[in-house]
**Q** 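Here you go, one structure.
A note on names: the letters A, B, ... follow the listed sequences, proteins ahead of strands, and every chain is numbered from 1.
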2 protein chains.
Amino acid sequence: MMNLLTIGRAAEAVGCKVQTIRYYEQIGLLPSPSRSGGNQRLYDEEAIRRLSFIRHARELGFPLQTIRDLISLADNPEYSCEAADAIAKKQLEDVDRRLKRLQALRRELERMVEQCKGGRIANCRVIETLGDHTLCEAKNHDIPKV
Amino acid sequence: MMNLLTIGRAAEAVGCKVQTIRYYEQIGLLPSPSRSGGNQRLYDEEAIRRLSFIRHARELGFPLQTIRDLISLADNPEYSCEAADAIAKKQLEDVDRRLKRLQALRRELERMVEQCKGGRIANCRVIETLGDHTLCEAKNHDIPKV
DNA sequence: GTACTATCTCTAGTAGCTATAGGTTCAAGG
DNA sequence: CCTTGAACCTATAGCTACTAGAGATAGTAC
Ligand SMILES: [Zn+2]
Ligand SMILES: [Zn+2]
Ligand SMILES: [Zn+2]
Ligand SMILES: [Zn+2]
């Protein structure tokens with residue numbers, strides 16, 4: 001009845017690489033699955049569910065440590081969901097902060113690009129602005145994480 | 001006349017950590033500066049200018065490899081600035097892509113948070129949505145780089 | 001001279017994978 | 001049954017851009 005997936009099929013099912021799944025197992029995020037006679041990993045439906053949960057949370061930008069916390073919450077259905085909601089709110093706030101930084105960045109980049117009228121490097125507004133922050137509108141930029 | 005800065009002062013001047021400057025030297029982004037009798041690094045104005053250029057470009061989100069390219073352009077003032085402008089435009093496009101992804105993400109997170117009316121984990125919309133992408137509005141999310 | 005800080009080199013750690021090497025297992029075709 | 005090729009196994013190293021520490025030396029203030 002229960003169809004078991006090899007790691008390749010599992011990866012395909014959730015849209016990630018094979019090594020990513022092994023990595024999640026290695027760091028203890030995903031329990032070690034059963035193995036075939038030839039020592040190959042076999043994932044049951046529960047394992048696939050957990051893997052999808054992890055991947056989906058990653059796609060929504062949650063860091064792995066937070067996903068760990070979310071999983072242990074998800075494993076206790078009768079608990080209050082306050083903690084889960086708080087985690088999601090915090091994630092939303094993080095995303096908002098990143099958005100603000102990126103938007104400010106975008107404005108400066110656009111200005112740089114617009115102001116350069118071409119010509120030689122000596123007069124290039126792009127190079128000039130990179131060398132001189134006082135040409136920026138923003139008081140200061142936070143370095144974006146990636 | 002030329003005032004030389006120790007690495008600590010240099011770090012302070014450009015707003016980064018001491019180790020970051022040593023790192024830039026190590027990867028060949030910043031030339032090895034002169035040294036004091038006691039083997040401590042001493043940065044002249046030109047070195048500080050280059051360091052500020054690097055830091056400012058980082059603050060605007062340019063990756064180190066791109067900064068390498070920008071520096072070698074900046075070192076040839078009589079060249080056309082086409083290449084520099086193209087780099088800046090590409091960076092702007094990258095930022096735009098990241099912005100779009102983040103905005104889509106933000107919408108999903110907000111929806112998740114809004115839909116949960118509290119209660120137990122068993123009925124938590126946050127946990128439920130994380131486990132089931134069909135509850136999302138977006139067809140698919142790209143994983144945001146941080 | 002003694003304390004305290006800053007600097008030196010070297011190494012390892014961070015997040016979240018991704019890629020490779022060198023070897024086994026599995027499924028299909030003949 | 002045998003072979004071939006894909007998929008799997010482990011273990012290790014690499015990626016970006018730093019950051020943190022250990023243990024030793026240099027510089028500065030009193
Ligand atoms: Zn230009
Ligand atoms: Zn600036
Ligand atoms: Zn909830
Ligand atoms: Zn989704």
**Q** Between CD of B:Glu45 and CG of B:Asn3, what distance do you get to the nearest 0.5 Å?
**A**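 Rounded to the nearest 0.5 Å, the CD-CG separation comes to 5.5 Å.
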**Q** If you restrict it to nitrogen or oxygen atoms, what contacts under 3.5 Å exist between nucleotides 19-22 of chain D and the protein, and what is each distance?
**A**
unit_1: D:dT19; atom_1: OP2; unit_2: B:Thr20; atom_2: OG1; d: 3.4
unit_1: D:dA20; atom_1: OP2; unit_2: B:Lys17; atom_2: NZ; d: 3.3

**Q** Using whole Å, what does the distance between atom C1' of nucleotide D:dA7 and atom CD1 of A:Ile21 come to?
**A** 13 Å
**Q** Please identify the 5'-most and 3'-most nucleotides of DNA chain C with any atom under 4.0 angstrom from a heavy atom of chain B.
**A**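 That gives a stretch of C:dT7 to C:dT9.
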**Q** Is the count of non-hydrogen atoms from other residues, nucleotides or ligands lying under 6.0 Å from B:Arg9 atom CZ greater than 12?
**A**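 Not buried by this count: 12 neighbours or fewer within 6.0 Å.
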**Q** Remember a base hit wins even if backbone is also touched, and classify A:Arg68 as base, sugar-phosphate or nothing at under 4.0 Å, heavy atoms.
**A** nothing
**Q** Check B:Asp75 with B:Arg50, please: is the shortest side-chain N to carboxylate O separation under 4.0 Å?
**A** yes
**Q** Flag the pair B:Leu109 / A:Phe62 as yes when at least one side-chain heavy-atom distance between them is below 4.5 Å, and no otherwise.
**A** yes
**Q** Between A:Leu130 and A:Met112, is any pair of side-chain heavy atoms under 4.5 Å apart?
**A**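 A:Leu130 vs A:Met112: side chains touch.
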**Q** A:His133 side chain to A:Lys139 main-chain N or O, any donor-acceptor pair under 3.5 Å?
**A**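 At least one qualifying donor-acceptor pair exists.
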**Q** For the residue pair A:Cys81 and B:Val126, establish whether any side-chain heavy-atom pair is separated by less than 4.5 Å.
**A**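 Result no, sub-4.5 Å side-chain heavy-atom pair not found.
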**Q** Under 4.0 Å, counting only non-hydrogen atoms across every strand here, what does B:Ile27 touch: a base, just sugar-phosphate, or nothing?
**A** nothing
**Q** Applying a 4.0 Å non-hydrogen cut-off, can you work out what B:Phe62 is touching in the nucleic acid: base, sugar-phosphate, or nothing?
**A** nothing
**Q** For B:Arg9 and D:dT28, give me the distance from atom CZ to atom P, rounded to whole Å.
**A** 10 Å
**Q** So, are A:Glu110 and A:Arg107 salt-bridged, with charged N and O less than 4.0 Å apart?
**A**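 Salt bridge between A:Glu110 and A:Arg107, a charged N being under 4.0 Å from a carboxylate O: no.
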**Q** Give the residues of residues 30-39 of chain B touching DNA chain D, defined as any heavy atom closer than 4.0 Å, sorted by residue number.
**A**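 Listed by number, they are B:Ser36, B:Gly38.
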**Q** Determine yes or no for a side-chain-to-main-chain donor-acceptor pair under 3.5 angstrom, with A:Glu137 supplying the side chain and A:Glu108 the backbone.
**A** no
**Q** Round to the nearest Å and state the distance from B:Leu5 atom CG to D:dG27 atom P.
**A**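 After rounding, the gap between these two atoms is 16 Å.
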**Q** In whole angstrom, what separates B:Gln65's CD from D:dC18's P?
**A** 14 Å
**Q** Looking only at the side chains, is there a donor atom on one of B:Arg58 and B:Tyr24 sitting less than 3.5 Å from an acceptor on the other?
**A**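 Side-chain D/A pair, B:Arg58 to B:Tyr24: absent.
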**Q** Under 4.5 Å between any side-chain heavy atoms of B:Ile121 and A:Leu73, yes or no?
**A** yes
